[in-house]
There are 2 protein chains.
Amino acid sequence: MAEGHAQNTSSGQALLYLTDEQLRQGIEAMFFAYRGFTADPDRILEGMSYGRAHHRAIHFIHCAPGTTVNNLLAILGVTKQSLNRVLRTLIEDGLVTSHIGRSDKRERHLTLTEAGEALEQQLSDAQRARMRDAYRKAGPEAVAGFKTVLEAMMDEDMRRAYLALRDGR
Amino acid sequence: MAEGHAQNTSSGQALLYLTDEQLRQGIEAMFFAYRGFTADPDRILEGMSYGRAHHRAIHFIHCAPGTTVNNLLAILGVTKQSLNRVLRTLIEDGLVTSHIGRSDKRERHLTLTEAGEALEQQLSDAQRARMRDAYRKAGPEAVAGFKTVLEAMMDEDMRRAYLALRDGR
DNA sequence: CTTGGAATGTCAACAAGACTGACGTATTTT
DNA sequence: AAAATACGTCAGTCTTGTTGACATTCCAAG
């Protein structure tokens, strides 16, 4: 019972979109939408012994070629051991290369090979196709609102990481 | 290379929000936001031997008291074996009750006990608090757009389930 | 220059939570 | 009476997260 209901504020009607019921709808929408969001890449990956974790690694290596393991760790928010298992298989299968750092030899710089880029294309084409359909149906104003809310929903650290990626391209 | 770039269409400028780069930003925003979205309940659950799976079950039993196992299965999109493991612990711990159906005795109707409702409150208060902050920062128009895009992103079946839940209250 | 601590990354073992497949039971439908 | 449905359970696998232990490399203080 942490907070009261949103409609019981001094502003009254203006805040009707903040009622518990509205918030609950938003929560469920996030749940169902995220399932759709990951469904297409999951389908592609299943049967090739990769999973969502591999997709995420491939995605961010594609976006920041030459990034280090530590960098990736911060973005993905998992332990280095967890990431390592995924990276190892990707390297073994020739989708990712790992080069020892020139200045700091402790670091490993990660890049997608041609085969890696090809898979990345396949995965992100599928995911973008769904995104594009959703965007097209919803229209530009809705898309702007969508992004505004998502940014506000992130943890502070993640928002920084997101904005850095967004503006660094 | 399934589709062309969105800007290369007959409509030209009007569809700039559909460029691959814009779509990629949306994809990353979803990823980071979903992490924030689940972070608070996850924190509460950790250490009490429950996880996100328990949270989801509790959430939907709360929304549809007396629902059957099969109903829950369809909404959550997991196998009955998977759900059963979760339900068993919740019932053992006295958070959920399972009653044999009155008309159809094969069915089990699931309801939250008082303790279950208490935990549900605790979890959804945390999640709603984050949602409320995000909504408040973004404003009502952004929230409307947010929901529009999310609905368009769901699979058809899930949209039906979502709308049924949304309108059935 | 050496040595100890911090940072980076690897290997091994384990747990949660998803999956499949097979089977049993009670009940309803045909 | 037979088939289908709803539910529970056992056993085994897979992905992906965790911790703990350890090797290598860098850097800075003595």
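Order of the sequence lines sets the chain letters (A, B, ...), proteins ahead of strands, with each chain counted from 1. Computed from heavy atoms alone, side chains included, the values below leave out hydrogens, waters and symmetry copies.
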Stepwise side chain to side chain contact (heavy atoms under 4.5 Å, CB included) check, B:I75 with B:N71: CA-CA 6 Å; B:I75 288 177; B:N71 259 328; 5.6 Å; no
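- Of all nucleotides in DNA chain C having an atom under 4.0 Å from a heavy atom of chain B, the first and last in 5' to 3' order are C:dG17 to C:dT28.
- Every ring pair (Phe, Tyr, Trp, His ring centres under 6.0 Å) that A:F31 has, sequence neighbours left out, goes to B:F60.
- Looking at residues two or more places apart in sequence or on another chain, you find a side chain to side chain donor-acceptor pair (under 3.5 Å) between A:Y50 and A:D93.
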For residues 149-159 of chain A, dump all side-chain donor-acceptor pairs below 3.5 Å to protein atoms at least two apart in sequence or in another chain.
| from | atom 1 | to | atom 2 | distance (Å) |
| --- | --- | --- | --- | --- |
| A:E151 | OE2 | A:R166 | NH1 | 3.2 |
| A:D155 | OD1 | B:R130 | NH1 | 3.2 |
| A:D155 | OD1 | B:R130 | NH2 | 3.0 |
| A:E156 | OE1 | A:R159 | NH2 | 2.5 |
| A:D157 | OD1 | A:R160 | NH2 | 3.4 |
| A:R159 | NH1 | A:E151 | O | 2.6 |

Under 4.0 Å protein heavy-atom contacts per nucleotide of nucleotides 7-17 of chain D, with B for base, S for backbone only and - for none: BBBB----SBB
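- Partners of B:R102 by salt bridge (Lys or Arg N to Asp or Glu O under 4.0 Å), not counting sequence neighbours: none found.
- Looking at heavy atoms from C-beta onward, B:D104 lies in side-chain contact with B:E107 at the 4.5 angstrom threshold.
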Verdict with reasoning, B:M48 to B:L119, per side chain to side chain contact (heavy atoms under 4.5 Å, CB included): CA-CA 11 Å; B:M48 51 193 303; B:L119 179 55; 4.1 Å; yes
